[in-house]
**Q** 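First the structure, which I've put down as structure tokens, then a few questions once you've had a look.
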Amino acid sequence: MYTEKVMDHFTNPRNVGEIENANGVGEVGNAKCGDIMRIYLDVQDDIIKDVKFKTFGCGAAIATSSMVTELVMGKTLDEALKISNDAVAEALDGLPPAKMHCSNLAADALHEAIKDYISKKGK
Amino acid sequence: MYTEKVMDHFTNPRNVGEIENANGVGEVGNAKCGDIMRIYLDVQDDIIKDVKFKTFGCGAAIATSSMVTELVMGKTLDEALKISNDAVAEALDGLPPAKMHCSNLAADALHEAIKDYISKKGK
Amino acid sequence: MERIYFDHSATTPVDREVAKVMLEYMTEKFGNPSSVHSFGRETRKAVEEARSSVAALLGAAANEIFFTSGGTESDNLALKGIAFANRKKGNHIITTAVEHHAILHACEYLEKQGFTVTYLPVDENAMVSVEDVKNAITDKTILISVMFANNEVGTIQPIKEIGQLAKEKKIYFHTDAVQAVGNCHIDVNELNIDVLSLSGHKIYGPKGIGAIYIRKGVKIESTQHGGSQERKLRPGTENVPGIVGLGKAAELAKIELDQRISHLTNLRDKLINGIQEKISDIKLNGHKEIRLPGNVNISFFYVEGESLLLNLDLKGIAASSGSACTSGSLDPSHVLLAMGLTHEVAHGSLRLSLGRGNTEADVNYCLEVLPQILERLRSMSPLNANSKLAANNPCSQCDHH
Amino acid sequence: MERIYFDHSATTPVDREVAKVMLEYMTEKFGNPSSVHSFGRETRKAVEEARSSVAALLGAAANEIFFTSGGTESDNLALKGIAFANRKKGNHIITTAVEHHAILHACEYLEKQGFTVTYLPVDENAMVSVEDVKNAITDKTILISVMFANNEVGTIQPIKEIGQLAKEKKIYFHTDAVQAVGNCHIDVNELNIDVLSLSGHKIYGPKGIGAIYIRKGVKIESTQHGGSQERKLRPGTENVPGIVGLGKAAELAKIELDQRISHLTNLRDKLINGIQEKISDIKLNGHKEIRLPGNVNISFFYVEGESLLLNLDLKGIAASSGSACTSGSLDPSHVLLAMGLTHEVAHGSLRLSLGRGNTEADVNYCLEVLPQILERLRSMSPLNANSKLAANNPCSQCDHH
Ligand SMILES: Cc1ncc(COP(=O)(O)O)c(C=O)c1O
Ligand SMILES: Cc1ncc(COP(=O)(O)O)c(C=O)c1O
């Protein structure tokens, strides 16, 4: 069902946890839907210095969360904003069709976190 | 499907053939229906001295023909007229339900042969 | 790694003896039972013997048993066959909200064909009320279909009482006993059952074979057309190895029934008690006592079922879940929702269904592994006892689905 | 006594390799393919591999193959599934008078549901005319269903031409290829086939499993309701051992096809020629050349089929007949009658269907035994070359039936 990469990220998820003083936090999903992803960012000079996640969800949800944190670690916000859900799925060598639209929300969570950072900074 | 007795009479049918100067012949059935039974009688003093049959038909048709000839050999016409299709089937330890009404006509053929004898004698 | 199978409600391994007799009827005794010759006669005999074995398990007569391709077909045949054959008498069917999809989707189809279906609610234990059944009956009611035991949470319904009611009202009573056969004592006469569905692969028999018990005199029509097999009710060359295998499985089920029930009940209670002792924030789903001997269904708060399953699988334990993620649909189990569980609690449900091959050691291993997995998943979860669950909020991301 | 099996059109023995792999998927790899865990994943993989094997045999794509419980179900699904799904486009179906009962009785059912069915006649060789198909088409025609090869007399229909016609007229074309698969070269694209039925137990695979090829884009709806197996077209827990067995049988059929055809054609012609040489007053039924490689169907005048069969059986030879007595109905084979045979000639028909396990020695033995049996039965028969056959008279004894 899942690719080896998905199982790797599911079994050994990277960057699990919270960032105490995160300057950007994004959450998507809903317990009702079976997936909640929360991304914490530590942004310094428009660069993602640190990123962590907490996820309630299926294998795909956890793996995509983990993968997105790997993909953006150390990237600029502009680069990070260009990462799509599809790109995350691709980086995992694909997801089962049923999971593509259900549990592939990690990039959205990331973008929410970046928006949160920008809006906080704007204030 | 068939009882041992049916198979015995089917495999070694008794009294197959024609009687050259039969004084009673009866035929029932129709090739269209898949069964034709012809019974030949040699009646002397109201007693069946000899009986033979020729049958086109399935296993049950052949076995019932054979059985009816055994049952009536040496019997009086009155006794022979009392033999029913059901009695023939019973003497064979029964027939499959589908065959009870299709191929169990040997007693009818016998009765036709007796009728033929009586009508000929009457003339 | 040794693998432990705790998913017997999904399917069971084929018993060795069953497999052996099936093999014989594949390669040696392979005739078509409709054939006149010796190859055909020997399989016809075997088919009829199997029919008697299945009948004996249910207290039925052999000529009241018809073979189908499985539980789903039996359910479809029961519902559609009775509905269409009795259309002139009425167009109302009563069933429950917690039936298997084979029943629910057949009912939806019948609704499109002009039938009216009442889906009775259940209580928090997934139990149907006999009173509700009674109140749902109208003078147009032709069929009541209530499952014997629920496949997800194991709750056993008041079959005898519903059957009694149906009998009094002269309404046909069908029960989907796919999960109950081989796990419960069933006598169709004692329990007033008119029509019953069962499936081979849930009772250590083969997949692709099932049976339907139809009480003599019940008006029913076939849903498949063709030859005159199964007295024209179910045409198609008989699946002889499947039928013979089901017959053998039924025979074994009858012999071993009491032993299976006590073995499974013992393991089940050990597992439930162990989980309750070791893990907090959980909920046992289904009725505490009136449940399938091998069924354990528990919701673990703050975690999602599929990730739980996958973690168990990585530890060699095969289980199942009522999570939407494992069903291919978007909503979690309709059974858990009908019992009043919130979506997020339903998402975190785990079903461990035990079988005759399981041991105390299996249970102990599971009790060792499960708390570790829960701890890990909960530490990754954004939810906890203090989080405001979004359960009652509108789902803001549903457009992603 | 050694037994010789000449009834491969009724069913075939399961190939040893097929049985072996099935056994593995019964006792070891027994998971439910819908399960998330490793037991489920290994069977899911096996099911998809089998799908590819079946697809490869037909020149189809794997996602155009759906598993069913057999030829009868495939036929029912094809006809009803297409009829109901395309009701808005039209209500007319074209088929032939010589189809299997699975097609004919499904058509009768559809007639009751408001569809109109044209049953095309056949010529004395059981061959359908493409011209007749063409002339039968109306602007309401939604489906043409013509069998690939006839199960009784072996005649192979002009499938490619009918397919071409259907394609031009944008009408779906279904073929019941239950007898043809594994005996004929079939490429669904080359032959313009939209939907095709096949059955496992006719190709040395298991009973109780079949498949339907459905060209991508064909509008069809399911006839059974339940879970989401087989992309919801055919719900019910997958018969994994059956599917895996069918896959293996398809694989073998593809590899061995040419060899099987030449072996069977050789034996068939030897048998036909031998009978024609040794026995008088006979008639070869079906097309002389355009027939299944293993099919021999001959009417022996003045004798009845069942008694012929039973005598052969006593000599260890298993065969079949178009006699009413072997079909459980009152009329002999509708196929033989549609070809214009009289009832009594139809009653005396014998089908010897050869398989890959048969040898020249089997054929020689049959040629030795058959003349003796014929002599004996004919000596018992009241009919002969000189008898006025009652064929055209009304049946005087029909009230006995
Ligand atoms: C209660 C119930 N009914 C029906 C079915 C369907 O049976 P099958 O999968 O054999 O078609 C199942 C099992 O899947 C079941 O648990
Ligand atoms: C031409 C044809 N179609 C359909 C069928 C039905 O197949 P099954 O018996 O596998 O349901 C058969 C065989 O009996 C057949 O010969």
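In the text below, chain A, chain B and the rest are named by the order of the sequence lines, each starting its count at 1. Because only heavy atoms are used, hydrogens play no part in the values below, and waters and symmetry mates are left out as well, while side chains stay in.
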**Q** Only pairs of heavy atoms separated by less than 4.5 Å count here; which of Pro13(C), Gly208(C), Gly31(C) has the most with chain D?
**A**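 Of the options given, most contacts go to Pro13(C).
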
**Q** May I ask you to name which of Ala318(C), Gly236(C), Ser69(C) has the most heavy-atom pairs under 4.5 Å with chain D?
**A**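 Most heavy-atom pairs under 4.5 Å with chain D: Ala318(C).
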
**Q** Counting only non-hydrogen atoms closer than 4.5 Å, does Ser199(C) touch chain D with its backbone (N, CA, C, O), its side chain (CB onward), both, or neither?
**A**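 Neither the backbone nor the side chain of Ser199(C) comes within 4.5 Å of chain D.
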
**Q** So for Thr12(D), is it side chain, backbone, both, or neither that comes closer than 4.5 Å to the heavy atoms of chain C?
**A**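 For Thr12(D), the contact with chain C is made by the backbone alone.
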
**Q** Taking C-beta and beyond as the side chain, do Val240(C) and His201(D) meet within less than 4.5 Å on heavy atoms?
**A**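 With C-beta onward as the side chain, the pair stays apart.
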
**Q** Return yes if a side-chain donor-acceptor contact under 3.5 Å exists between Lys232(C) and His105(D), otherwise no.
**A**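 Checked: Lys232(C)/His105(D) side chains show no N/O donor-acceptor pair below 3.5 Å.
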
**Q** Hey, which of Gly242(C), Ser38(C), Gly70(C) has the most heavy atom pairs under 4.5 Å with chain D?
**A**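 That would be Ser38(C).
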
**Q** Which bit of Asn32(C) is near chain D, if near means a heavy-atom gap under 4.5 Å: side chain, backbone, both or neither?
**A**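 Answer is both: backbone and side chain atoms of Asn32(C) are under 4.5 Å from chain D.
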
**Q** Return the option, out of Leu23(C), Thr237(C), Asp75(C), with the maximum number of heavy-atom pairs under 4.5 Å with chain D.
**A**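 Winner by heavy-atom pair count: Thr237(C).
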
**Q** Does any heavy atom of chain C fall under 4.5 Å from the side chain of Asn239(D), the backbone, both, or neither of them?
**A**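 Both parts, heavy atoms under 4.5 Å.
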
**Q** Distance from His225(C) atom NE2 to Ile103(D) atom CD1, nearest 0.5 Å?
**A**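 Here the rounded value is 13.0 Å.
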
**Q** With chain C as the partner, which of Asp7(D), Ile243(D), Leu314(D), Leu77(D) has the greatest number of non-hydrogen pairs under 4.5 Å?
**A**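 The option with the most such pairs is Asp7(D).
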
**Q** Any idea which of Glu28(C), Arg16(C), His100(C) has the most non-hydrogen atom pairs under 4.5 angstrom with chain D?
**A**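 Max contact count across the listed options: Arg16(C).
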
**Q** Given a strict heavy-atom distance threshold of 4.5 Å, which part of Glu238(C) is in contact with chain D: side chain, backbone, both, or neither?
**A**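 Backbone only.
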
**Q** Against chain C, label Ile209(D) side chain, backbone, both or neither, depending on which of its atoms sit under 4.5 Å from a heavy atom there.
**A**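 No part of it gets close to chain C.
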
**Q** Where does Lys29(C) contact chain D at under 4.5 Å (heavy atoms): side chain, backbone, both or neither?
**A**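 It is neither, since no heavy atom gets under 4.5 Å.
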
**Q** Looking at CZ of Phe39(C) and CD1 of Ile4(D), how far apart are the two atoms once the value is rounded to the nearest 0.5 Å?
**A**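 Spacing of CZ (Phe39(C)) from CD1 (Ile4(D)) equals 9.0 Å.
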
**Q** Can you confirm whether Met22(C) sits close enough to Met26(D) that some side-chain heavy atom of one is under 4.5 Å from a side-chain heavy atom of the other?
**A**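 The answer is yes; the side chains approach within 4.5 Å.
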
**Q** Thinking salt bridges, do Glu42(C) and Arg3(D) make one under a 4.0 Å N-O criterion?
**A**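 A salt bridge is present here (some side-chain N lies under 4.0 Å from a carboxylate O).
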
**Q** Side chain, backbone, both or neither: which part of Pro235(C) has a heavy atom under 4.5 Å from chain D?
**A**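 It is both, since atoms from each part get that close.
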
**Q** Quick one: what part of Thr223(C) sits under 4.5 Å from any heavy atom of chain D, side chain, backbone, both or neither?
**A**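 Interface part for Thr223(C): backbone (N, CA, C, O).
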
**Q** Test your reading of the model: is there a side-chain donor-acceptor pair from Lys207(C) to the backbone of Phe30(D), 3.5 Å cut-off?
**A**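 Yes: the side chain of Lys207(C) pairs with the backbone of Phe30(D).
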
**Q** Among Cys107(D), Pro206(D), Gly200(D), Ala319(D), which has the most heavy-atom pairs under 4.5 Å with chain C?
**A**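 Looking at each option in turn, the highest pair count goes to Ala319(D).
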
**Q** Quick check: do His37(D) and Leu312(C) have side-chain heavy atoms less than 4.5 Å from each other?
**A**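 They are not in side-chain contact.
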
